Chemist: 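The structure follows.
Treat the numbers as computed from the prediction; the structure is a model and nothing was measured.
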Amino acid sequence: MAVKTILQAINEALDQSMEKDDSVVVYGEDVGHEGGVFRTTAGLQKKYGEGRVFDTPIAEAAIVGSAVGMSVNGLKPVVEMQFSGFSLPGYNQVVAHVARFRNRSRGKYHLPMVVRMPYGGGVRALEHHSESLETLYAHIPGLKLVIPSTPYDAKGLMMAAINDADPVIFMEPKRIYRAFKQDIPEEPYEVEIGKARIAKEGNDVTIIAWGALVREVEKAMKQVDDIDAEIIDLRTISPMDTETIIKSIKKTGRVLIVHEAYKSFGPAAEIISRINEEAFFYLEAAPKRLTGFDVTIPLPKGEHHFIIDPKQIAYELKKLMAEKA
Amino acid sequence: MAVKTILQAINEALDQSMEKDDSVVVYGEDVGHEGGVFRTTAGLQKKYGEGRVFDTPIAEAAIVGSAVGMSVNGLKPVVEMQFSGFSLPGYNQVVAHVARFRNRSRGKYHLPMVVRMPYGGGVRALEHHSESLETLYAHIPGLKLVIPSTPYDAKGLMMAAINDADPVIFMEPKRIYRAFKQDIPEEPYEVEIGKARIAKEGNDVTIIAWGALVREVEKAMKQVDDIDAEIIDLRTISPMDTETIIKSIKKTGRVLIVHEAYKSFGPAAEIISRINEEAFFYLEAAPKRLTGFDVTIPLPKGEHHFIIDPKQIAYELKKLMAEKA
Amino acid sequence: MLFKDFDPLKEEMLQILDQKGNIVNDKLVPKIKKATLMKMYKTMVLGRIADDKAVQFQRQGRMLTYAPNHGQEAAQLGSIAAMDDNDWLVLAFRELNAMLYKGVTLEQSYLYWYGNEMGAKYDEDVKVLPINVPIGSQINHAAGIAYASKLNKTGEVALAFIGDGGTSHGEFHEGMSFAAAYDLPMIVVIQNNHYAISTPRKKVIKSKTLAQKAIAYGIPGIQVDGNDPLAMYLAVEKARERAANGDGPTLIEAVTYRMGPHTTSDNPKLYREDKEVQEWAKKDPLIRFKKYLIDKKYWSNKKDEELQETSKKEVLDAFKKVEKSGLVDLEDIFKYTYEKLTPNLEKQMNAYKKYLDEVGE
Amino acid sequence: MLFKDFDPLKEEMLQILDQKGNIVNDKLVPKIKKATLMKMYKTMVLGRIADDKAVQFQRQGRMLTYAPNHGQEAAQLGSIAAMDDNDWLVLAFRELNAMLYKGVTLEQSYLYWYGNEMGAKYDEDVKVLPINVPIGSQINHAAGIAYASKLNKTGEVALAFIGDGGTSHGEFHEGMSFAAAYDLPMIVVIQNNHYAISTPRKKVIKSKTLAQKAIAYGIPGIQVDGNDPLAMYLAVEKARERAANGDGPTLIEAVTYRMGPHTTSDNPKLYREDKEVQEWAKKDPLIRFKKYLIDKKYWSNKKDEELQETSKKEVLDAFKKVEKSGLVDLEDIFKYTYEKLTPNLEKQMNAYKKYLDEVGE
Ligand SMILES: Cc1ncc(C[n+]2csc(CCOP(=O)(O)OP(=O)(O)O)c2C)c(N)n1
Ligand SMILES: Cc1ncc(C[n+]2csc(CCOP(=O)(O)OP(=O)(O)O)c2C)c(N)n1
Ligand SMILES: [Mg+2]
Ligand SMILES: [Mg+2]
């Protein structure tokens with residue numbers, strides 16, 4: 001065991017995956033020599049050479065599109081979009097190809113690739129550096145969308161993503177890249193993709209979150225001692241672990257979904273719909289969402305309005321509990 | 001009044017808008033000389049010249065991005081993405097700029113532009129020619145997403161879109177481009193963006209649809225004489241006319257949402273969530289969605305599995321009515 | 001040498017076999033094995049018939065859409081014939097001839113246009129990517145394939161096709177830039193057929209030649225008579241040598257013409273003159289190639305008649321099978337989304353099956 | 001003429017004022033009004049101080065991020081000074097000097113980096129687009145502005161900046177292709193500062209010069225000493241003439257160097273040698289420009305000392321105001337999403353206000 005941040009855990013996952021499997025290559029803008037603007041890939045080029053770890057031109061379509069070709073031809077590329085806001089020029093490749101190669105070729109080709117991208121606000125960043133674009137990736141069939149919230153999961157999910165036979169979009173909650181440490185195994189391990197984690201068991205209400213928001217939810221719990229909430233860390237946004245969610249709702253009858261993505265047509269809507277479909281008559285109150293507003297996430301001097309903090313979570317939770325069944 | 005198809009209605013809207021307002025320009029791939037692969041812009045170049053109606057290189061980012069610049073500099077561009085599946089290379093421009101220029105410049109600039117795109121399946125087309133990508137545009141703050149289902153609305157909404165001070169994504173249900181005709185006013189008129197249309201009043205259940213599916217819903221009604229359904233043609237997907245929906249649900253207590261877009265993280269999820277938020281205790285049965293599967297829309301020989309037909313709508317409706325309150 | 005001699009700035013087009021089928025550049029005639037030449041020619045004949053028939057079937061309502069490549073055969077066959085078996089073919093969507101040469105069966109090809117994904121499941125050992133509809137994006141795939149080849153020292157070269165219109169796309173630019181950055185073994189052949197649907201190349205692309213776009217990537221470019229199979233072969237052969245030597249990608253502009261419509265939904269009369277089409281008819285690659293082979297005593301008119309007959313039969317047989325292929329199974333539209341069917345997809349599929357059962361369809 | 005003489009294939013860089021501040025090409029010295037030269041110089045001094053101060057403020061934790069342009073001033077000021085008042089400036093994000101020259105106030109500029117959108121609301125008559133973060137995408141905006149200008153015959157020309165790294169992006173390619181297709185009045189200046197964050201231009205871009213990329217668009221390109229304000233002025237002046245004559249866009253590569261970090265979050269020691277930085281320090285545009293002006297008797301060391309003082313004061317004053325600016329109002333993050341607040345947004349805003357009221361924040 002060793003004490004690691006999420007950033008270090010991801011770095012270790014990449015390192016151990018590359019060590020074990022020669023077909024893993026890692027690249028993107030500033031990913032090679034410098035080790036990434038967040039230093040997530042630090043040390044890898046030195047260890048594995050410029051062939052397997054390299055810097056690219058500023059060309060997201062090329063980064064994603066070349067990974068398609070590499071996957072077809074025997075490699076397992078792990079590419080980085082420098083920020084999720086800059087993944088959009090590569091979005092055509094993701095939707096048109098990454099998500100579809102298996103189906104298009106009826107299984108002849110499949111793409112064991114990972115697209116990493118730091119995402120989310122709360123880091124006082126420039127425009128396009130704070131986006132939460134889960135919906136854009138979760139809505140597309142053929143993709144998996146994974147988001148860790150702890151160092152343990154970060155390493156295990158990343159290793160699972162690299163070993164997955166399907167393409168995985170891996171969003172990294174950059175706000176908590178270095179926020180805290182956790183003791184995690186030094187040896188390689190996987191955390192299963194497609195399974196949510198019960199971060200805390202409880203009976204009164206279910207709270208669903210992922211990424212940096214899981215911690216905020218946990219902090220909020222300290223402000224509502226009297227509420228016995230079950231916290232689900234979704235971990236895989238798509239394909240979603242509906243079963244775990246439904247089981248929890250059947251127990252608690254109430255649900256609050258917390259995410260930073262824009263509210264309308266956002267991820268919470270899908271969760272609510274699945275709950276409606278499978279546990280409607282168990283609901284004791286209307287499912288609630290606490291999300292980013294439907295406005296462009298503000299620059300730092302206005303960001304505090306947008307960012308969801310524990311106080312707000314506690315407030316919504318109390319309101320939700322106050323609704324009578 | 002004159003009897004027109006949706007295609008002709010759009011053509012007329014473009015024509016009359018260009019006639020009235022010199023700042024309207026129309027362009028895209030094959031839009032000029034040929035008048036578009038669907039002939040939606042036929043005749044316009046001849047009438048208004050190559051300056052205002054023109055063919056572009058195959059470059060969706062340039063088509064959308066140049067429209068940003070034109071809008072800033074006094075024009076009202078109406079651009080075409082040849083098919084919605086090919087709008088993705090222009091998606092970065094839409095999300096990063098089209099949706100944001102007003103907010104980014106705190107109102108100094110705004111973009112009165114329209115991005116047209118034929119969308120939807122059921123026309124036995126090649127890959128990427130049948131997509132329903134509403135979610136990708138509806139989720140982004142700052143955009144309006146409009147979809148007509150009748151010739152009357154097609155003309156009126158298009159004219160409203162061109163006159164709108166905000167950017168409008170205008171999806172055209174190509175499956176019914178020429179499917180039927182309607183007697184519509186010859187003079188210019190607008191249909192308000194942001195307002196749904198009650199296509200049929202009813203008391204038992206609310207059905208929400210848009211685009212080509214509205215007709216399928218209407219056809220389905222003939223198979224369920226005993227059910228008195230209210231049909232809402234949403235028309236504007238974003239910003240959504242929640243009020244009309246909620247009013248209807250409060251009356252009927254049941255809702256079926258029908259769309260061809262992929263189910264998960266699709267538009268119906270947002271509608272269900274709003275209903276949960278504002279009319280939860282009026283619901284007599286779990287809201288139901290009948291949508292495209294979460295798979296890439298198939299090529300023609302498998303498309304019949306994916307396309308939603310009246311029989312299926314009727315089936316779901318009966319099941320929904322059979323649920324006890 | 002070739003790429004110096006035909007530096008695209010000189011604006012000289014490489015031609016070896018003129019439109020009458022005469023050798024106009026003796027010194028440059030590439031050494032091509034007889035078997036290879038004959039495979040090229042036989043594919044061309046089959047491809048031509050298959051192409052024309054597809055259009056005919058479509059007119060009869062028996063085929064869905066089809067994108068004809070009549071007129072562009074030499075651009076494709078000259079290219080693919082110069083490649084190794086071990087190389088990759090990365091398609092746009094108008095490359096029936098290259099596909100057939102590389103081992104895609106006619107039946108598969110037809111099946112695809114017939115509207116069935118199984119038509120893109122080429123045989124295991126056929127190193128061809130499925131038809132790529134989003135313009136330009138295939139160049140990035142080719143670059144990735146080439147990267148893997150270089151990293152693993154497999155010696156494979158990726159040959160990609162794109163249209164004239166496609167060169168304006170950002171994806172083309174990024175793929176070329178990427179491949180150039182790492183000296184990847186990639187060859188891009190632009191089939192400049194003068195139109196992107198209805199839009200003339202000259203109207204929306206201002207570079208003097210498309211070959212000149214190579215300069216932006218610091219790589220060689222060459223303009224070639226795309227209806228001359230020998231010139232195409234030579235250019236690609238030399239480009240392949242470069243690629244194999246680690247010298248990086250090459251951009252080849254094949255000047256050709258699409259004799260038919262863009263696809264069967266297109267009406268070219270809306271945007272081009274018959275006269276222009278007639279001019280290009282004289283440059284038919286098939287006619288000149290045949291003459292060359294007959295002159296070389298590799299071929300005869302009599303053999304050609306036989307070939308026409310057998311090819312025609314092959315085409316009709318293939319299409320017959322395709323017409324019998326029926327609809328796609330429900331399971332098939334679900335089961336290739338992920339390696340394993342997700343619980344969500346299983347639920348969706350089963351609900352739909354239940355509906356079919358109950359409604360009895 | 002200029003673009004013929006400095007055809008990018010010749011790989012000759014236009015220089016008029018050498019790094020010592022001496023005229024090395026007498027015949028090419030552009031005629032620039034004294035007032036213009038002085039405005040250029042004063043902006044450069046202000047820009048330099050503002051830039052260095054911004055970095056310093058950031059180190060003190062008083063500024064958020066900042067992207068310094070120390071070293072690149074001449075590339076910007078030579079360009080913008082050659083434009084008309086009526087022209088448009090389309091930014092990337094490292095153009096403080098061009099912005100100041102064109103009428104963006106220092107306070108606005110600081111306010112933006114301070115994290116407040118109001119810093120991108122330039123005054124009504126300032127024809128400058130907000131800073132554009134997604135690399136390359138601004139070129140398409142410039143093309144659209146130029147299109148509108150051409151259609152309405154307003155005579156406006158769009159000047160856009162981009163970095164060396166940005167030229168690999170698909171958006172750059174599409175914008176250039178689009179502008180070239182219609183001979184639009186657009187000028188694109190590439191500030192080749194040799195790095196894209198940590199990535200050296202030579203490592204990932206294989207074209208011999210960036211100016212040569214012009215050939216792909218059939219337009220003139222020219223490589224210019226970007227630290228020479230006179231050479232930059234001349235190149236842009238001539239490009240502007242072309243644009244005004246309806247001859248279409250021009251691509252200008254300004255060879256320069258970013259003396260500071262990419263942004264304040266960047267540590268250049270990770271990827272470049274001090275020696276290289278020292279070499280470029282000798283080519284400082286400010287030093288050579290000042291010498292030129294003093295030689296010309298337009299300026300003196302004494303005046304310069306005064307200017308340094310007043311500029312410094314201006315910078316500190318501007319930043320003081322910015323530091324007092326406080327947080328953004330809640331309403332402001334909602335009200336510019338659409339022309340009118342939608343019912344949905346109103347609901348969201350009111351719910352949040354209610355929360356603030358109840359929780360008492
Ligand atoms: C990204 C994208 N935009 C638009 C289209 C629609 N489209 C299909 S073919 C075509 C023209 C292609 O022209 P060219 O590249 O010259 O190839 P050709 O058809 O002549 O072989 C267009 C615009 C597409 N397939 N992909
Ligand atoms: C589309 C996109 N991808 C990535 C980034 C992140 N990024 C910001 S600046 C930069 C490097 C830009 O290099 P260059 O174009 O040379 O401009 P310079 O910073 O040197 O002025 C990158 C990759 C971005 N802003 N946009
Ligand atoms: Mg073409
Ligand atoms: Mg740079």
Side-chain angles (χ1 to χ4, degrees), chain A residues 22-23 25 27 49-52 54-75 77 89-90 92-93 95-97 99-110 112-113 141-144 164-167 194 238-243 274 277-278, chain C residues 88 90 116-124 126-127 129-134 136-152 154 156 158 160 169-171 173-182 184 186 328 332-340 342-345 347:
Chain A
D22 279 352
S23 67
V25 294
Y27 63 98
E50 285 196 41
R52 291 181 62 200
F54 60 100
D55 293 318
T56 65
I58 306 175
E60 289 79 12
I63 295 170
V64 178
S66 62
V68 170
M70 289 188 205
S71 297
V72 160
N73 203 12
L75 298 182
N92 182 48
Q93 283 286 346
V95 178
H97 301 304
R100 293 181 171 211
F101 245 65
R102 184 189 287 277
N103 183 62
R104 176 181 295 146
S105 68
R106 284 299 191 244
K108 179 174 177 188
Y109 297 118
H110 70 277
M113 58 182 275
L143 302 175
K144 296 180 176 177
D164 203 290
D166 289 309
S238 176
M240 197 187 287
D241 182 359
T242 319
E243 202 186 322
R274 291 190 184 207
E277 281 160 357
E278 305 198 19
Chain C
W88 286 84
V90 180
N116 190 322
E117 287 85 352
M118 272 298 169
K121 184 173 190 160
Y122 316 137
D123 297 353
E124 199 50 54
V126 172
K127 293 166 85 170
L129 293 202
I131 276 183
N132 184 87
V133 177
S137 56
Q138 72 275 19
I139 305 303
N140 284 310
H141 306 162
I145 286 177
Y147 194 97
S149 158
K150 182 172 172 158
L151 183 67
N152 288 332
T154 62
E156 302 154 295
H169 208 277
E171 295 259 5
H173 183 66
E174 295 200 2
M176 295 304 301
S177 302
F178 190 93
Y182 313 107
L184 301 183
M186 173 173 97
V328 170
D332 274 16
I333 77 162
F334 282 96
K335 89 179 168 202
Y336 301 101
T337 304
Y338 298 100
E339 189 188 26
K340 295 194 199 97
T342 63
N344 171 49
L345 287 177
K347 229 177 273 171

Chemist: Taking A:Y109 for the side chain and C:P130 for the main chain, is one N or O donor matched with an acceptor at less than 3.5 Å?
Modeler: no
Chemist: Measure A:E50 against the heavy atoms of chain C and call it side chain, backbone, both or neither at under 4.5 Å.
Modeler: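 Backbone only.
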Chemist: Is chain A contacted by the side chain of C:T154, its backbone, both, or neither, given a heavy-atom distance below 4.5 Å?
Modeler: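 No part of it gets close to chain A.
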Chemist: Sort A:R274 into side chain, backbone, both or neither according to what part of it lies under 4.5 angstrom from a heavy atom of chain C.
Modeler: side chain
Chemist: Could you look at A:E278 and say if it's the side chain, the backbone, both or neither that has a heavy atom under 4.5 Å from chain C?
Modeler: side chain
Chemist: Angle between ring planes, A:F54 versus C:Y182, binned at 30° and 60°: parallel, tilted or perpendicular?
Modeler: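 The arrangement is perpendicular - the two ring planes meet at more than 60°.
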Chemist: Would you find a donor on one side and an acceptor on the other, under 3.5 Å apart, between the side chain of C:K121 and the backbone of A:R106?
Modeler: yes
Chemist: Is C:D123 in contact with chain A via its backbone, its side chain, both, or neither, using a 4.5 Å heavy-atom distance?
Modeler: backbone
Chemist: Can you tell me which portion of C:V328 sits under 4.5 Å from chain A's heavy atoms? Options are side chain, backbone, both or neither.
Modeler: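 Only the side chain of C:V328 comes within 4.5 Å of chain A.
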Chemist: Is the side chain of C:Y338 donor-acceptor paired with the backbone N or O of A:G142 at a distance under 3.5 Å, no angle test?
Modeler: yes
Chemist: Does any heavy atom of chain C fall under 4.5 Å from the side chain of A:A61, the backbone, both, or neither of them?
Modeler: both
Chemist: Using heavy atoms and a sub-4.5 Å threshold, report which of residues 136-143 of chain C line up against chain A, by residue number.
Modeler: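 Checking residues 136-143 of chain C against chain A gives C:S137, C:N140, C:H141.
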Chemist: Search all heavy atoms of A:D166 against all heavy atoms of C:T337 and return the closest pair with its distance.
Modeler: OD1-O, 4.4 Å
Chemist: Are the side chain of A:N73 and the backbone of C:A148 linked by a donor-acceptor contact shorter than 3.5 Å?
Modeler: no
Chemist: Need one label for A:V64: side chain, backbone, both or neither, based on atoms under 4.5 Å from any heavy atom in chain C.
Modeler: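 Nothing of A:V64, per the 4.5 Å heavy-atom cut-off to chain C.
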Chemist: Less than 3.5 Å apart, any donor N or O on the side chain of C:E117 or A:N103 sitting next to an acceptor on the other?
Modeler: no
Chemist: Which one of C:M118, C:M176, C:K127 has the most heavy-atom pairs closer than 4.5 Å to chain A?
Modeler: C:M118
